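Just so it is clear, the model here is predicted, and its values are computed rather than measured.
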Amino acid sequence: VNMADADETASGAEGRPYILARATSATDLGPAKTRRRSSVGRPPRIEKRKSSLVCASLILFLGAVEYGLILPTILAYLHSLGATESYWIGLCLSMFNVASMCAGPIVGLLSDKVSMKMLFVITLLLNAAGNICYWLASAPWMIVLGRVVAGIGASNGGMVMAYIVRVTSEEERTTTITKAIAVQEAGLLVGPALNFGLREINFMIGTKVVNNLTVPGFFMAIVSLLYILMVVFLFHDPPPNVAAAKASSRAEEAADAEERRALIPKQAGGQGGDGGGKDED
């Protein structure tokens, strides 16, 4: 319906309100609503979003490096503490994944309600604490405890993906997620290489030794603390009202559609009335 037909309908045919409403919506209300909806959930500024995406991807990289760094020496570390039974190695490896799996949904739920930056800082602190426990272990159970705490800290991987979804458009989302996963896979390659490079380290910090068996925990604790500084200064939270704004926009669109469906019978009734008048003539 063009504007001329809409004007004619408005001046003469009051029995066809749907045509007028549809024309008004398409010309006057439509662009305004489009502009308003296009601003809903707008992502942060490009510079902030880029630095935040880099931080998020590097958090995935950190988790992969940790796994690849600890795995080659954890069995020898357990043996050095007298844990010769084979179940200890399975317990250490599995408890890390179990802790991460159980904490992941809780972290994901909290990320919808509180600051993502704060959650990243907390999980990185837990990761650092778990690795310190691993480094200072004097019994096999301390290694298991350290892996459990570090596993809770590693539950932020899902939050990284949630952040990517919230700040990217549909067109760039797949590419961004693919790049983040590629960074994570690179960490699995870097971890064993770091273990090889750190194998000659042997020094004391007070009464605690840092050698080829304990250096993975010591190294990862330091890196986790450095990551906290990176998150504090370079990571920016997404707009807190993105999810609510999108839900409001969808509700508004549904209300518009319902209103248009309700006006269709009026259009049909108006056309029927005109036809009846012509038959009487």
Side-chain angles (χ1 to χ4, degrees), residues 41-71 96-131 147-191 194 219-244 246:
R42 183 175 297 166
R45 292 202 303 266
I46 298 299
E47 299 80 6
K48 291 185 177 181
R49 191 184 68 162
K50 285 184 177 179
S51 65
S52 299
L53 286 172
V54 169
C55 288
S57 299
L58 288 177
I59 288 173
L60 293 178
F61 178 80
L62 176 69
V65 168
E66 178 183 358
Y67 188 83
L69 181 63
I70 287 178
L71 185 61
F96 176 88
N97 295 319
V98 169
S100 180
M101 179 186 67
C102 294
I106 299 174
V107 173
L109 181 64
L110 291 174
S111 68
D112 292 331
K113 300 180 180 180
V114 300
S115 167
M116 280 191 175
K117 175 185 284 191
M118 182 182 70
L119 286 176
F120 277 130
V121 170
I122 291 173
T123 53
L124 288 169
L125 279 173
L126 288 172
N127 191 274
N131 281 289
R147 300 312 294 153
V148 169
V149 176
I152 297 174
S155 62
N156 53 22
M159 190 165 55
V160 170
M161 295 301 174
Y163 177 81
I164 293 174
V165 170
R166 288 178 64 175
V167 301
T168 56
S169 63
E170 293 182 2
E171 293 77 11
E172 60 185 354
R173 188 166 301 150
T174 302
T175 302
T176 306
I177 291 176
T178 303
K179 290 178 180 178
I181 293 175
V183 171
Q184 184 179 30
E185 296 298 324
L188 293 174
L189 298 176
V190 173
L194 277 175
F219 178 81
M220 291 307 304
I222 293 177
V223 173
S224 296
L225 295 175
L226 293 176
Y227 263 57
I228 291 174
L229 296 177
M230 178 187 70
V231 169
V232 168
F233 291 107
L234 297 180
F235 183 84
H236 303 275
D237 277 316
N241 61 343
V242 169
K246 287 183 178 179

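Partners of Tyr227 by ring-ring contact (aromatic ring centres under 6.0 Å, His included), not counting sequence neighbours: none found. With sequence neighbours excluded, the residues that form a side-chain contact (heavy atoms from CB on, under 4.5 Å) with Val232 are Val121, Ile228. Glu185 meets the salt bridge (Lys or Arg N to Asp or Glu O under 4.0 Å) test with no other residue; sequence neighbours excluded. Residues satisfying the side-chain contact (heavy atoms from CB on, under 4.5 Å) test with Ser169, not counting sequence neighbours, are Glu171, Glu172.
Thr123 contributes atom OG1, which lies 9.5 Å from atom CG of Leu62 (distance to the nearest 0.5 angstrom). Once rounded to the nearest 0.5 Å, the distance linking CG of Asp237 with CZ of Phe120 reads 9.0 Å. Once rounded to the nearest 0.5 Å, the distance linking NZ of Lys48 with CZ of Phe235 reads 12.5 Å. Rounded to the nearest 0.5 angstrom, Ile164 CD1 and Ile181 CD1 are separated by 8.0 Å. Rounding to the nearest 0.5 Å gives a distance of 12.0 Å between CG of Leu69 and CG of Leu188. Between His236 atom NE2 and Leu234 atom CG the span is 6.5 Å, to the nearest 0.5 Å.
Side-chain N or O atoms of Arg166 include none that pairs as donor or acceptor with a backbone N or O of Pro238 at under 3.5 Å.
Using a 4.5 Å heavy-atom cutoff, the side chains of Phe96 and Val148 are not in contact. In this structure, the side chains of Asn156 and Ile122 stay at 4.5 Å or more apart for every pair of heavy atoms. Here the side chains of Met161 and Leu60 are in contact, with some heavy-atom distance below 4.5 Å.
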Next item on the list: Step by step, work out the side-chain contact (heavy atoms from CB on, under 4.5 Å) result for Leu225 and Leu124.
Entry: CA-CA 7 Å; Leu225 295 175; Leu124 288 169; over 6 Å; no
Validation: residues 102-110 side-chain donor-acceptor distances under 3.5 Å, sequence neighbours left out:
none

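Within the structure, the side chain to side chain donor-acceptor pair (under 3.5 Å) test picks out the following pairs touching residues 51-67 (sequence neighbours left out): Ser52-Tyr163, Glu66-Asn127, Glu66-Asn131, Glu66-Arg147.
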